[in-house]
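Just so we're clear, the structure is a prediction, and the values are computed from it rather than from any experiment.
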Amino acid sequence: MYRNLLVHVPTERPARAAIDASVSLALSCDAHVDAVAAGYEETYSVCPVGIDASAAAPTIYEADHELAMERANVALNAFSVEAKGAGISFRCRPVTGTFAEVASMLGPMARVHGLTVVSQPESKHGTFDNRIPQELLLRSGGPVLVIPYTFHGAFCAARVGICWDGSRAAARALRDAMPFLYQADALTTISMNESGTVPEEASQQRLGDYLARVGLPSKAISLDVDRANIQSAILSLAADEDLDLLVMGGYGHSRLQETILGGVTREMFRSMTVPTLMSH
């Protein structure tokens with residue numbers, strides 16, 4: 001199982017989902033957790049009118065930094081309470097900076113952890129915290145476990161669905177999820193619109209054969225749906241099959257292309273209802 005986890009604890013929106021999932025996961029697999037929370041600082045291009053810039057700038061920056069650090073520590077205190085109660089090994093690290101600075105710090109952090117845990121963005125909260133999950137997915141070089149913001153309680157991946165389109169990103173997610181797959185009670189491979197779009201050598205049938213050879217029997221479900229409805233079809237199937245976890249590649253197309261044309265990754269971030277492991 002994963003022995004070294006990183007969790008991003010939000011500071012500007014509810015953190016319960018990320019805290020509950022990371023602490024319970026660490027407890028179940030005897031893992032260490034590094035918890036990081038970011039206090040975002042403003043970017044000042046001009047000094048407020050009527051204030052001596054040379055005298056005021058240090059005071060403004062220092063006060064902004066102190067408030068940002070306070071927000072980060074408050075979020076980490078909430079994590080610490082739960083982690084201590086569970087008796088897990090953990091360490092907390094508050095960071096501050098502009099969004100760009102924070103993102104440039106968190107990406108490298110994630111690269112030296114086996115799994116990064118984040119909570120799903122919440123559209124009703126206008127915050128930089130909503131952008132961190134996507135940044136970590138693209139920058140981490142490893143798996144990111146996205147927890148729905150409505151999640152609470154213990155995380156358990158007994159029934160896992162593997163979203164498969166034969167792509168490089170899907171194959172990466174499959175390998176990154178192996179610790180979960182070997183611990184699961186049941187696996188389901190999910191293929192959408194496979195005919196004519198997936199190479200024969202990477203078909204759902206070949207995936208099933210591979211999983212069986214490594215001791216992971218699976219059930220296959222194949223659906224034909226419009227591209228615009230792929231995400232909703234996956235979530236509907238997850239509910240029907242009572243899945244605890246989805247595994248899928250993230251941003252198989254460029255993020256700009258997904259933003260303009262729409263994409264499964266973007267829509268999944270918006271409306272996921274089940275924890276989802278993504279790899280890019």
| query | For Phe269, does its backbone N or O pair with a side-chain atom of Gln120 as donor and acceptor, under 3.5 Å? | reply | yes

| task | Looking only at non-hydrogen atoms, find the nearest pair between Asn130 and His125 and report the distance. | result | ND2-O, 2.5 Å

| query | Counting N and O atoms only, with roles assigned by atom type, does the side chain of Thr265 sit under 3.5 Å from a partner on the main chain of Tyr251, one being a donor and the other an acceptor? | reply | yes

| query | Between CG of Asn229 and CG of Leu223, what distance do you get to the nearest 0.5 Å? | reply | 11.5 Å

| query | Counting only N and O atoms by type, is there a donor-acceptor contact under 3.5 Å from the side chain of Arg3 to the main-chain atoms of Cys29? | reply | yes

| task | Verify, without hydrogens or angle tests, whether Asp244 (side chain) and Arg159 (backbone) share a donor-acceptor contact under 3.5 angstrom. | result | yes

| query | If you take all heavy atoms of Ser222 and Gln204, which pair is closest and at what distance? | reply | CB-OE1, 3.6 Å

| Judged by atom type as modelled, is there a donor-acceptor pair below 3.5 Å linking the side chain of Arg71 to the main-chain atoms of Thr96? | no

| field | His152 atom NE2, over 12 foreign heavy atoms within 6.0 Å | value | no

| query | Below 4.5 Å, heavy atoms only, C-beta onward: do Thr116 and Leu106 meet side chain to side chain? | reply | no

| Transitive ILVMFWY side-chain link Ile147 to Ile19, under 4.5 Å | yes

| said: In this structure, would Leu138 and Leu115 fall into the same cluster of hydrophobic residues linked by side-chain contacts under 4.5 Å? | reply: no

| task | May I have the step-by-step check of side-chain contact (heavy atoms from CB on, under 4.5 Å) for Tyr40 and Asp129, ending in yes or no? | result | CA-CA 9 Å; Tyr40 303 100; Asp129 276 335; 2.7 Å; yes

| request: Evaluate the side-chain contact (heavy atoms from CB on, under 4.5 Å) criterion for residues Tyr2 and Val117: first the C-alpha distance (whole Å), next the side-chain angles of each, then the deciding distance (0.1 Å), finally the verdict. | output: CA-CA 12 Å; Tyr2 307 100; Val117 182; over 6 Å; no

| message | To the nearest 0.5 Å, what is the distance between CD1 on Ile230 and CD1 on Ile190? | response | 12.0 Å

| message | Could you tell me if the side chain of Lys219 sits less than 4.5 Å from the side chain of Glu241, heavy atoms only? | response | yes

| said: If I compare all heavy atoms of Ser22 with all of Val33, which pair ends up nearest, and what's the gap? | reply: O-CG2, 4.1 Å

| Spacing of OG belonging to Ser279 relative to CZ belonging to Arg175, to within rounding of 0.5 Å | 11.0 Å

| said: Quick check: closest heavy atoms across Met268 and Ile234, and the distance to 0.1 Å? | reply: CE-CG2, 4.1 Å

| request: Check whether Leu145 and Tyr149 end up in the same hydrophobic cluster, where Ile, Leu, Val, Met, Phe, Trp and Tyr are linked by side-chain heavy atoms less than 4.5 Å apart. | output: no

| field | Nearest non-hydrogen partners of Val247 and Ala173, listed with the distance | value | CG1-O, 3.5 Å

| remark: Here the pair of heavy atoms bringing Pro10 nearest to Pro14 is CG-O, 4.0 Å

| field | From CA spacing to verdict: side-chain contact (heavy atoms from CB on, under 4.5 Å), Met178, Leu216 | value | CA-CA 10 Å; Met178 279 297 176; Leu216 294 171; 3.8 Å; yes

| note | Interatomic distance, CZ@Phe155 vs CG@Leu245, rounded to 0.5 Å, equals 5.0 Å

| task | For the pair Met192 and Arg227, evaluate side-chain contact (heavy atoms from CB on, under 4.5 Å) and give the outcome as yes or no after the intermediate values. | result | CA-CA 9 Å; Met192 300 285 177; Arg227 177 179 173 81; over 6 Å; no

| Could you give the distance from OG1 (Thr11) to CG (Leu76), rounded to the nearest 0.5 Å? | 9.0 Å

| Quick one: do Met278 and Leu5 end up in the same hydrophobic cluster if we chain Ile, Leu, Val, Met, Phe, Trp and Tyr together by side-chain heavy atoms under 4.5 Å apart? | no

| Side chain proximity check, Tyr182 to Val214, heavy atoms < 4.5 angstrom | yes

| task | State, with a plain yes or no, whether a side-chain heavy atom of Arg172 is found less than 4.5 Å away from one of His280. | result | no

| query | Rounded to the nearest 0.5 Å, how far apart are CD of Glu194 and CG of Asp165? | reply | 9.5 Å

| task | Report yes if some heavy atom in the side chain of Val7 is under 4.5 Å from a heavy atom in the side chain of Val23; otherwise report no. | result | no

| Are Val81 and Val74 grouped together when hydrophobic residues (ILVMFWY) are joined by side-chain heavy atoms under 4.5 angstrom apart? | no

| Does the Ser236 side chain pair with the main chain of Ala233, one donor and one acceptor, at a distance under 3.5 Å? | no

| Is there a side-chain contact between Pro133 and Pro121, using heavy atoms and a 4.5 Å cut-off? | yes

| query | Between Arg111 and Arg139, is there a donor-acceptor pair closer than 3.5 Å when you use the side chain of the first and the backbone of the second? | reply | yes

Residues 86-95, side-chain donor-acceptor partners within the protein, below 3.5 Å, at least two apart:
residue: Ser89; atom: OG; partner: His32; partner atom: ND1; Å: 2.6
residue: Arg91; atom: NE; partner: Asp34; partner atom: OD1; Å: 3.1
residue: Arg91; atom: NH2; partner: Asp34; partner atom: OD1; Å: 3.4
residue: Arg91; atom: NH2; partner: Asp34; partner atom: OD2; Å: 3.4

| query | Taking the six-membered ring of Phe99 as reference, does the NZ or CZ atom of Arg131 fall below 6.0 Å from its centre and within a 45° cone about the axis? | reply | yes

